[in-house]
Undergrad: 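Dumping the structure here so I can ask a few things about it.
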Amino acid sequence: VAATTLHLQAQDTQHPVPILPFLILSAVMVSLGAYPISKRLTRRLEQLKQGVEALGNGKLDTRLPVRGCDEVAVLATSFNQSAERIQGLLQAQRQLLANASHELRSPLARMQMGLAMLAEQYELEQSKPVQAIRQDMQELNQLVEEILLASRLDTLEIPLASQRVDLAGLLAEECARLNLDCEAQALQTTGDAHLLRRLIRNLLENAKRHGGAPIEAKLSAPDPQHLLLTVSDRGQGIPTEALARVFEPFYRPSGHGEAQGGWGLGLSLVKQIATRHGGTVQCINRADGGTVFQLTLPRLAA
């Protein structure tokens with residue numbers, strides 16, 4: 001028996017079990033079996049990531065397909081419910097602003113008509129109090145119009161007009177209206193001509209109200225795909241920490257009092273219009289004093 005045991009041990013020593021190849025083969029088989037599962041899970045997580053990014057970019061109607069009953073499906077369901085609530089809240093807020101602004105128009109019109117009748121009856125057309133009230137009413141009318149426009153631009157579901165727009169012509173007309181000089185190449189873009197005119201007008205009026213002469217407007221093409229509109233002035237400039245906030249609604253930098261006017265929705269509308277047309281806008285301080293607003297829009301080939 002002892003001899004037999006020694007013989008078997010010798011055979012085991014001479015012919016060991018191939019453990020390493022067995023482990024490698026097992027790992028390969030497990031990997032091949034797990035790959036479809038991990039690929040499917042990765043694809044679902046990628047869809048969830050894209051949905052979050054789309055919602056963050058303002059596409060409030062983004063929803064995710066719910067498949068299965070695992071943790072990813074529960075997460076997709078929670079995302080859809082949250083997106084639904086966010087969309088409902090924002091739509092309610094926009095509707096409230098639009099309705100309130102619309103309802104303000106009627107009493108404002110009655111007030112303007114009543115003021116005109118009283119001023120004519122008592123021959124106060126040129127008096128300073130009447131002129132001041134008219135100016136306040138005009139600013140209030142403009143604010144109501146800007147709120148309605150901002151509400152429309154903020155609703156991505158409402159499409160904008162898409163037509164060929166001669167941006168050089170719009171710039172020349174608005175500069176002539178404000179008695180400003182401009183330098184413009186014959187460049188065109190695609191979009192809503194009314195909104196693009198409003199964008200240019202807001203930039204020029206902002207420079208004239210808050211900047212200092214000379215005010216320079218220039219339209220050029222930095223590359224074949226884009227056009228660049230710059231509006232620069234020689235005013236006191238804007239504090240560095242406020243440059244990123246000048247496009248926020250109703251933001252007024254430190255040192256700019258209410259008596260100077262403006263700083264309402266004008267620049268905020270500029271950014272909204274630029275964004276809806278696939279462009280960007282930024283404000284920078286000039287090294288030798290003043291500010292420059294730079295607007296970039298897609299260029300339409302001639």
Undergrad: Are side-chain heavy atoms of His226 and Asp223 found at a separation under 4.5 Å?
TA: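 Of all side-chain heavy-atom pairs linking Asp223 with His226, at least one is under 4.5 Å.
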
Undergrad: Taking all non-hydrogen atoms of both residues, which atom of Thr62 and which atom of Ala83 are closest, and how far apart?
TA: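 Heavy-atom minimum between the residues: O-CB, 3.9 Å.
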
Undergrad: How far does CD of Gln282 sit from CG of Leu243, to the nearest 0.5 angstrom?
TA: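 Reported value, rounded in 0.5 Å steps: 9.5 Å.
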
Undergrad: Please name the pair of heavy atoms, one in Thr291 and one in Gly237, separated by the smallest distance, quoted to 0.1 Å.
TA: CG2-CA, 3.6 Å

Undergrad: With a sphere of 6.0 Å drawn around CG of Asn179, does it hold more than 12 non-hydrogen atoms of other residues, nucleotides or ligands?
TA: no

Undergrad: Would a hydrophobic clustering, with Ile, Leu, Val, Met, Phe, Trp and Tyr connected at side-chain separations under 4.5 Å, put Tyr122 with Met111?
TA: yes

Undergrad: Between CD of Gln87 and CG of Leu89, what distance do you get to the nearest 0.5 Å?
TA: 10.5 Å

Undergrad: Could you check whether any side-chain heavy atom of Gln225 comes within less than 4.5 Å of a side-chain heavy atom of Arg299, counting everything from C-beta outward?
TA: no

Undergrad: Identify the two heavy atoms, one from Gln163 and one from Ala193, that lie closest to each other, and give their separation to 0.1 Å.
TA: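 Closest approach of Gln163 to Ala193, heavy atoms only: NE2-CB, 3.3 Å.
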
Undergrad: Would you find a donor on one side and an acceptor on the other, under 3.5 Å apart, between the side chain of Thr189 and the backbone of Pro298?
TA: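 Side chain of Thr189 to backbone of Pro298, a donor-acceptor pair under 3.5 Å: yes, one is there.
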
Undergrad: Heavy-atom distance under 4.5 Å between the side chains of Asn202 and Leu269, does that happen here?
TA: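 SC-SC contact between Asn202 and Leu269 confirmed.
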
Undergrad: Measure the OG-CG distance between Ser82 and Leu55 for me, rounded to the nearest 0.5 Å.
TA: 9.0 Å

Undergrad: To the nearest 0.5 angstrom, please state how far the CG atom of Leu265 sits from the CZ atom of Phe247.
TA: 13.5 Å

Undergrad: Below 4.0 angstrom, N of the basic side chain to O of the carboxylate: do Arg276 and Asp192 qualify?
TA: no

Undergrad: To the nearest 0.5 Å, what is the distance between CG on Leu108 and CG on Leu140?
TA: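 So the CG of Leu108 and the CG of Leu140 are separated by 4.5 Å.
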
Undergrad: Under a 4.5 Å cut-off applied to non-hydrogen side-chain atoms, are Leu187 and Leu167 in contact?
TA: no

Undergrad: Taking the side chain as C-beta and beyond, is there a heavy-atom pair between Ile215 and Asp181 under 4.5 Å?
TA: no

Undergrad: Do Thr230 and Gln294 touch side chain to side chain, with heavy atoms closer than 4.5 Å?
TA: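 With C-beta onward as the side chain, the pair touches.
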
Undergrad: Would you say the side chains of Arg63 and Gln81 form a donor-acceptor pair under 3.5 Å?
TA: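 Per modelled atom types, Arg63 and Gln81 side chains form no pair under 3.5 Å.
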
Undergrad: In terms of side-chain geometry, is the basic nitrogen of Arg198 or Glu205 positioned less than 4.0 Å from the acidic oxygen of its partner?
TA: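 Not counted as a salt bridge, because no side-chain N and carboxylate O are separated by less than 4.0 Å.
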
Undergrad: Could you pull out the closest heavy-atom pair between Phe293 and Asn206, with the gap in Å?
TA: CE1-ND2, 3.5 Å

Undergrad: Do the side chains of Leu64 and Leu75 join up, straight or via other hydrophobic residues, at under 4.5 Å, putting them in one cluster?
TA: yes

Undergrad: So, Arg286 side chain and Asp233 main chain: donor-acceptor pair closer than 3.5 Å or not?
TA: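 Checking the backbone N and O of Asp233 against the side chain of Arg286, a donor-acceptor pair under 3.5 Å is found.
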
Undergrad: Give the minimum heavy-atom separation between Ala242 and Ile238, together with the two atoms involved.
TA: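 Looks like CB-CG2, 3.8 Å.
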
Undergrad: Within the 3.5 Å criterion, strictly below it, is a donor on Arg164 or Gln188 matched to an acceptor on the partner's side chain?
TA: yes

Undergrad: Hydrophobic clusters join Ile, Leu, Val, Met, Phe, Trp and Tyr when side-chain heavy atoms are under 4.5 Å apart, directly or via other members; which others share one with Val292?
TA: Ile284

Undergrad: At their closest point, which heavy atom of Ala116 faces which heavy atom of Arg134, and how far apart are they?
TA: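 Heavy-atom minimum between the residues: CA-NH2, 4.0 Å.
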
Undergrad: Main chain of Leu124, side chain of Ser127: is a donor-acceptor contact present, judged purely on distance under 3.5 Å?
TA: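 Side chain of Ser127 to backbone of Leu124: a pair is present.
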
Undergrad: Mark yes or no for whether Lys271, through its side chain, and Val281, through its backbone, hold a donor-acceptor pair below 3.5 Å.
TA: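 It does not hold such a pair.
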
Undergrad: Measure the OG-CG distance between Ser232 and Leu203 for me, rounded to the nearest 0.5 Å.
TA: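 Atom-to-atom, Ser232:OG and Leu203:CG are 11.5 Å apart.
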
Undergrad: Are any of the side-chain heavy atoms of Glu248 and Ser268 separated by less than 4.5 Å?
TA: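 They are not in contact (no side-chain heavy atoms under 4.5 Å apart), so the answer is no.
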
Undergrad: Applying salt bridge (charged side-chain N to carboxylate O under 4.0 Å, His left out), name anything that partners Arg197, two or more places apart in sequence or on another chain.
TA: Glu173, Glu174

Undergrad: Would the number of heavy atoms belonging to other residues, nucleotides or ligands and lying under 6.0 Å from CD of Glu183 be above 12?
TA: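 No, because the 6.0 Å sphere around CD of Glu183 holds 12 heavy atoms or fewer from other groups.
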
Undergrad: For residues Lys218 and Leu171, determine if any side-chain heavy atom of one lies less than 4.5 Å from a side-chain heavy atom of the other.
TA: no

